[in-house]
Each structure stands twice: as C-alpha cells, then as structure tokens.
Amino acid sequence: MDICRSTDAMRAWRRDAGRVALVPTMGALHQGHLTLVARARDWLDGQGGGRVVTSIFVNPAQFGPTEDLDKYPRQEAQDLDLLRDAGCDAVFLPQVSDIWRPGAQTHVQVSQLGGILMGRLRPGHFRGVATVVTKLFNIVQPQAAAFGEKDYQQLTLIRRMVADLDIPVTILPVPTVREPDGLAMSSRNQRLTPDDRAAATVLARALDHAAASVNMGTPVSLLRRQIRAIISSEPRADIRSIDIRNADDLSRIAVVGGPVAILLAVRFGDVLLIDQRTAHP
Ligand code: PAF
C-alpha cells in the first residue's frame with residue numbers, strides 16, 4: 001500500500017494509476033469505513049479493475065469554534081494497518097497546511113441543503129465538507145467515491161454538488177454498518193462513557209419502530225411523537241433534533257407520500273450522535 005503525505009505526492013501517484021475509486025475519511029477507522037473500501041473495490045471490479053485510494057484528513061474547516069476538533073480521535077498507525085488488511089492500494093494523508101493554504105478565498109456552498117437540519121446546528125459545517133470534498137476530488141481525480149448513508153445529509157448534499165458542478169465522479173452510497181446491539185458505527189462512539197454507550201442503543205430502536213410505522217398518509221407529526229417518546233424513555237439521551245423528510249431532497253413533508261429519511265441528532269454526555277434510516281411506505 002502506498003502512502004502519499006502531500007498533494008504533490010498524491011498527484012504523482014495518481015498520474016499512472018488508471019481507474020481510481022476514493023474513500024474520503026477523517027481516520028479513526030472502523031468496520032463502517034472498511035465497508036466503504038469494499039464498496040469502492042466492488043465498483044472498480046465491475047468496471048474492469050482499478051485502485052482504491054482512502055484519504056485520511058481531519059478537516060478543520062468542518063468543525064465549529066466550540067466543536068471537538070482537538071478531541072477528534074487520531075490513530076494513524078492502526079488506520080494504516082486496517083487499510084492494508086482491507087486491500088486498499090493507496091492512502092492520502094495530507095497536512096492541514098497542504099489543504100488549507102493561507103489566502104484561500106474560494107469555498108463551495110450548497111446553499112439550501114447545507115443550511116438545513118445539521119447545517120442549522122453546525123453553521124459552516126457543510127461548507128467545510130463540500131469544499132474539502134471538492135478539493136479531494138480535484139487532487140485524487142477519482143472516477144467514483146464512496147460515502148456512508150449514516151451521514152445522510154452529507155451524502156445528499158454531495159450528490160447535489162456533483163450534479164450541480166458537473167463533477168465527473170460516480171457517488172457510491174453505502175448502508176450504515178451497526179454494532180450487534182444496533183448502535184451505528186461511528187468514530188465518536190469511542191468517546192461515550194459505558195453508561196452512555198449502553199443508553200445510545202435507544203436510537204436504533206426508535207428508528208426501527210418508526211420505520212415499521214411508515215405508511216402512505218402517516219402524519220409526520222405522529223411519527224415524530226412516537227420517536228420522541230421512545231428516545232425520552234432513556235434519561236441519558238438529550239434530543240437535539242428529530243426530522244422526517246423526503247428521502248430524495250430532504251424537503252419538508254407533512255404526511256408520508258413516498259420514501260422518507262428519518263434523521264436523529266441526540267447528545268449523550270458531550271458526544272453528539274447522529275443516526276438515520278430511510279423508510280418506504
Ligand atoms: O464523512 C466524513 O468523514 C467527512 O465529512 C469527509 C466526507 C471525509 C469530509 O471531510
């Protein structure tokens with residue numbers, strides 16, 4: 001597995017690499033990320049072969065001033081071992097100064113999708129995501145890139161951005177990978193106390209229950225009440241948002257009329273967890 005620690009090194013590697021699929025990550029890798037690597041590999045195999053590149057970059061531009069940038073887990077040696085075992089071909093590990101150069105003035109903003117839901121809770125977050133993903137696409141020049149459905153708003157926004165800007169990258173959505181007790185895998189889970197870790201399983205239970213209640217014409221307010229009741233039965237859970245939206249474009253709906261995305265943001269201690277499920281009536 002090749003390791004490229006600068007933009008120049010990545011560009012030089014890419015020149016003779018042929019078809020490439022990219023897995024953008026912020027490190028602290030777990031089985032969810034390795035599933036993205038496997039999806040990228042499958043896609044390449046279907047195209048006649050190619051190389052998988054994983055990027056590891058904790059992107060300061062997507063953290064707010066009060067957020068956990070310094071606390072974000074960093075475990076490079078372990079990440080590289082996992083990627084080697086997963087059959088990744090190359091890793092892009094740039095420095096912050098390589099990606100964010102002084103004097104930069106250009107940003108990518110997906111105006112509507114970036115301002116709703118998590119974009120309201122985390123102002124500037126999606127501008128940071130859209131800009132860094134565009135830069136990664138420009139540096140690595142992949143034909144495809146894999147993103148987890150767990151960050152459903154991010155996935156929807158990147159699909160919109162790629163369509164709006166005619167970026168020639170096929171977006172590969174990958175279903176959320178869960179622990180045996182249902183908790184969605186996330187690098188943030190490491191920061192939960194044992195009690196909060198146990199309590200956090202309430203999210204998957206609430207999503208399963210809501211998904212089973214989704215029928216044509218079900219009022220969204222009813223689904224939201226049911227979800228709130230289940231999550232509130234867990235005293236350690238601090239609900240930040242419960243949203244049920246059109247699964248295609250995340251627009252607001254009053255009643256279920258097609259596929260919906262159920263999106264949760266809930267704090268346990270000082271850790272904000274998100275989880276989601278799409279449901280079809
Ligand atoms: O999902 C993530 O880990 C990040 O938002 C991404 C896509 C790697 C951009 O920094």
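Only this structure's heavy atoms are used, side chains among them; waters, hydrogens and symmetry mates stay out. Counting starts at 1 for both ligands and their atoms, in listed order.
Put simply, the side chain of V53 reaches to within 4.5 Å of the side chain of M10, judged on heavy atoms.
Nearest protein neighbour of atom 3 (O) of ligand 1, counting heavy atoms only, is M26 CG, 3.5 Å.
Below 4.0 Å from some heavy atom of P24 lie the following atoms of ligand 1, by number and element: 8 (C). Under a 4.0 Å criterion applied to the non-hydrogen atoms of Q154, ligand 1 contributes the atoms 1 (O), 2 (C), 4 (C), 5 (O), 7 (C). Taking every non-hydrogen atom of T25 and a distance limit under 4.0 Å, the qualifying atoms of ligand 1 come out as 8 (C). Less than 4.0 angstrom separates some heavy atom of V132 from each of these atoms of ligand 1: 9 (C), 10 (O).
Of the candidates K135, H33, Q62, H125, it is Q62 that places a heavy atom closest to atom 4 (C) of ligand 1.
A side chain to side chain contact (heavy atoms under 4.5 Å, CB included) with L263 holds for exactly one of I242, L207, L250, I244; it is L250. Of the candidates N189, L203, T193, D195, F268 forms a side chain to side chain contact (heavy atoms under 4.5 Å, CB included) with just one, namely L203.
Electrostatic pairing of D42 and R39 does not count as a salt bridge here, judged by no charged N lying under 4.0 Å from a carboxylate O.
F147 and F137 have perpendicular rings, their planes meeting at more than 60° on a 0 to 90° scale where under 30° would count as parallel.
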